[in-house]
Amino acid sequence: DSGVTQTPKHLITATGQRVTLRCSPRSGDLSVYWYQQSLDQGLQFLIHYYNGEERAKGNILERFSAQQFPDLHSELNLSSLELGDSALYFCASSARTSGKWETQYFGPGTRLLVL
Amino acid sequence: GNSVTQMEGPVTLSEEAFLTINCTYTATGYPSLFWYVQYPGEGLQLLLKATKADDKGSNKGFEATYRKETTSFHLEKGSVQVSDSAVYFCALGPSGTYKYIFGTGTRLKVLA
């Protein structure tokens, strides 16, 4: 158990809909990262938040957005869903000590299926 | 920019065979290097890491050495087991940016 929790575990929805994925980082970790893992594209970095602020953006579509709340949990919002958005979405958290970013700890993922 | 190149899989081995999964990187600065493992139906777990040149990370019989001169971080295990069947990801920690970079993953299948 990594200490990172993600809900829901599974999500089935229809094209055009909007969903919200939730992540709670490990106790004490200020950083949250979101990744998309699909069969044909491997693990794609989406976005990184540190203590409520966006720090880096990867291959995140404009239809997707994220935020990190004062209690440090994070939500990834996916809207106008398309079939190609079906994937596993992982959240990870890490600490920053001595100016260096430490290991990422991954949650169990949310499997999204868009029909 | 920074990048990670990982050998393509799948890799199929017999139990007790020697394993090498190659990983090379391009980076500015001195990032940390990681190997993560993903077992079927699970999230990624840290397998081992190295934070500076010539460091050797090791865990569960797996080893990898941070080689700055060859910009490599190859994963090795002397004798694989069926339970090692998983997908292995090499990753580059942030260096001057806030982004971790993952390789494409190498699927390992170990046959009894």
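First the proteins, then the strands, lettered A, B, ... as listed; each starts at 1.
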Residues of residues 76-84 of chain A near chain B, each having a heavy atom less than 4.5 Å away: none
Using a strict threshold of under 4.0 Å (side-chain N to carboxylate O), is an ion pair present between K77(B) and E63(B)? no
When the 4.5 angstrom heavy-atom criterion is applied to Q6(A) and chain B, the contacting part is neither
Shared hydrophobic cluster, F106(A) / L46(A) (ILVMFWY, side-chain heavy atoms < 4.5 Å): no
Salt bridge R63(A)-D85(A), side-chain N to carboxylate O under 4.0 Å: yes
F64(A): partners by ring-ring contact (aromatic ring centres under 6.0 Å, His included), with sequence neighbours left out: none
Parallel, tilted or perpendicular, judged at 30° and 60°: which one describes the rings of Y33(A) and H48(A)? parallel
Between L46(B) and chain A, with a heavy-atom cut-off of 4.5 Å, which part of the residue counts as in contact: side chain, backbone, both or neither? side chain
Whatever's closer than 4.5 Å to a heavy atom in chain A on Q45(B) counts as neither
If you measure only the distance, is there a donor-acceptor pair under 3.5 Å linking the side chains of Y25(B) and Q6(B)? no
With under 30° as parallel and over 60° as perpendicular, where do the rings of Y36(B) and F102(B) fit, or are they tilted in between? tilted
